[in-house]
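Here's the structure, in structure tokens; my notes come after.
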Amino acid sequence: MKYENLYFERPEDDIDILDFNNTGVSNESSVIYRDYKSSIEHYLLPISRQLENPVIRFLTLKAQWEVETAVLSSATEIAMHPAYQQIIGMGHVAIPLILSEMKRKQGHWFWALKSITGEDPVLLKQRGRIKEMTEAWIRWGKEQGYLV
Amino acid sequence: MSKQDSEKFFPILSNSGYSITSPATPEYNCIAWAASDTNTWWEPDPQNLYYWPPEVSRKYTLDSYIKAYEILGYTLCHDANYKSGFEKIAIYVNANGKPTHAARQLNSGTWTSKLGRLEDIEHATLDDISGFHYGSIAVILKKPKKDIF
């Protein structure tokens, strides 16, 4: 089982059963199970490990980028922020995450999308019109199968 | 973002009195807002992603920004004092001379600024938002107000 599956599908019910009612469960199996739980937590808790998950990594970088570039008036400077560059560095994995974020809330993701995909579905007359640029990219995302 | 957040970025605001006059939006920036455009993000970016007047070179230089406003009828002027019948714009630059911000004067003599992707604010003086993020004022431009009668 991959670690992200362990993270998102932890057997909470099993834990409850063992913790609340250990009748019929040998001491040895309880110890093994406690160690198993503990090892998963030790494996998953470090932030470096969590950041290996693309969703968590994207959301962490996005939050940092949004706060630290909020008052900048230049989209180029906004895009030069290290967190934004790291999102670009995630490559194609980041495309559906960016497009989903754009569907939820408008933002300056155009530089990242153009850099990762090499495409630009925005028409010349739409340049600077954030709503229209966002719609163009979402349409592109659907055509390419990144969004449903 | 709240007033406290704006004051974190621009500490002078907390003592000078200002008001937030719009919701936060990424749809336009301060350069557009100074030109009274609330539908477009103005920027001479090299990737040609954003709007910039086609007659003006796409460069992050003070000259390029002045030319963009000159197309709208603004001319260079000597001071930021309020003068009846005129509208003024101030362009800020950082230590390298690169434009960072623009503010527009209101009829009251105060100034209006769009803070990045945050809100528009009305502030008393140009110095209220100068400093670490926007640097200092480089030039003032003016143009006659349109006769509303």
Side-chain angles (χ1 to χ4, degrees), chain A residues 61-81 83-85 87-88 98-141, chain B residues 1-2 5-10 13 23-35 37-54 58-60 65 91-94 96 98-103 113-121 129 131-135:
Chain A
L61 292 168
K62 180 186 81 78
Q64 186 191 351
W65 166 70
E66 283 182 335
V67 169
E68 294 177 9
T69 64
V71 296
L72 296 181
S73 303
S74 161
T76 298
E77 279 188 37
I78 290 168
M80 286 299 118
H81 188 277
Y84 193 90
Q85 289 294 310
I87 289 173
I88 292 174
I98 292 173
L99 291 170
S100 297
E101 174 63 19
M102 286 173 92
K103 261 178 95 172
R104 192 184 71 81
K105 192 176 105 180
Q106 288 181 0
H108 288 264
W109 294 107
F110 315 112
W111 181 297
L113 286 170
K114 189 174 177 179
S115 298
I116 297 169
T117 66
E119 306 259 353
D120 191 353
V122 178
L123 302 174
L124 197 59
K125 65 179 181 183
Q126 296 173 322
R127 309 281 162 179
R129 295 184 174 271
I130 307 302
K131 196 176 170 195
E132 292 175 32
M133 293 168 78
T134 302
E135 286 168 356
W137 271 108
I138 288 173
R139 204 163 36 246
W140 176 89
Chain B
M1 289 248 181
S2 65
D5 291 317
S6 301
E7 289 166 17
K8 234 185 283 175
F9 288 109
F10 305 102
L13 284 176
T25 172
E27 291 197 22
Y28 58 95
N29 62 353
C30 62
I31 309 303
W33 175 238
D37 182 351
T38 56
N39 294 314
T40 319
W41 186 281
W42 288 37
E43 181 160 350
D45 64 293
Q47 293 227 66
N48 201 19
L49 295 172
Y50 297 93
Y51 171 77
W52 194 244
R58 296 184 77 92
K59 289 179 184 169
Y60 289 104
Y65 280 62
I91 302 177
Y92 294 69
V93 294
N94 64 16
N96 299 320
K98 187 177 172 184
T100 54
H101 183 68
S113 282
K114 169 80 159 68
L115 304 178
R117 304 192 303 279
L118 304 180
E119 301 92 348
D120 306 337
I121 64 162
I129 52 169
F132 180 76
H133 293 287
Y134 292 159

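What you see is a predicted model; the values in this text were computed from it and never measured. Each chain gets a letter, A, B and so on, in the order its sequence line appears, and its residues count up from 1.
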What's the shortest heavy-atom distance between [X] and [Y], and which atoms?
| X | Y | result |
| --- | --- | --- |
| B/W41 | A/L72 | CH2-O, 4.2 Å |
| A/S73 | B/H101 | OG-ND1, 4.1 Å |
| B/E43 | A/S74 | OE2-OG, 2.8 Å |
| B/L49 | A/M133 | O-CE, 3.1 Å |

Just give me the residue among B/N39, B/N48, B/L115, B/T40 that pairs up with chain A most often, heavy atom to heavy atom, under 4.5 Å.
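Between B/N39, B/N48, B/L115, B/T40, the count favours B/T40.
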Looking only at heavy atoms and a cut-off of under 4.5 Å, which of B/Y50, B/Y51, B/W42 has the most pairs with chain A?
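Greatest number of close heavy-atom pairs with chain A: B/Y50.
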Within the distance-only criterion (no hydrogens, no angle test), does the side chain of A/R127 pair as donor or acceptor with the backbone N or O of B/W52 below 3.5 angstrom?
no
Okay, A/K105 and chain B: the region with an atom under 4.5 Å from a heavy atom over there is neither
Counting only non-hydrogen atoms closer than 4.5 Å, does A/T69 touch chain B with its backbone (N, CA, C, O), its side chain (CB onward), both, or neither?
both
Atom pair OG1 (A/T76) and NZ (B/K98), whose distance is rounded to the nearest 0.5 Å
6.5 Å
By salt bridge (charged side-chain N to carboxylate O under 4.0 Å, His left out) - contacts of A/K131 (at least two apart):
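Counting only residues at least two positions away or on another chain, A/K131 forms no salt bridge (charged side-chain N to carboxylate O under 4.0 Å, His left out).
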So, using salt bridge (charged side-chain N to carboxylate O under 4.0 Å, His left out) as the criterion, who are the partners of A/R129 when residues are at least two apart?
none
Would you mind checking which part of B/I31 comes under 4.5 Å of any heavy atom in chain A, side chain (CB onward), backbone (N, CA, C, O), both or neither?
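Neither part, no heavy atoms under 4.5 Å.
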Is it the side chain or the backbone of B/Q47 that comes within 4.5 Å of chain A heavy atoms, both, or neither?
both
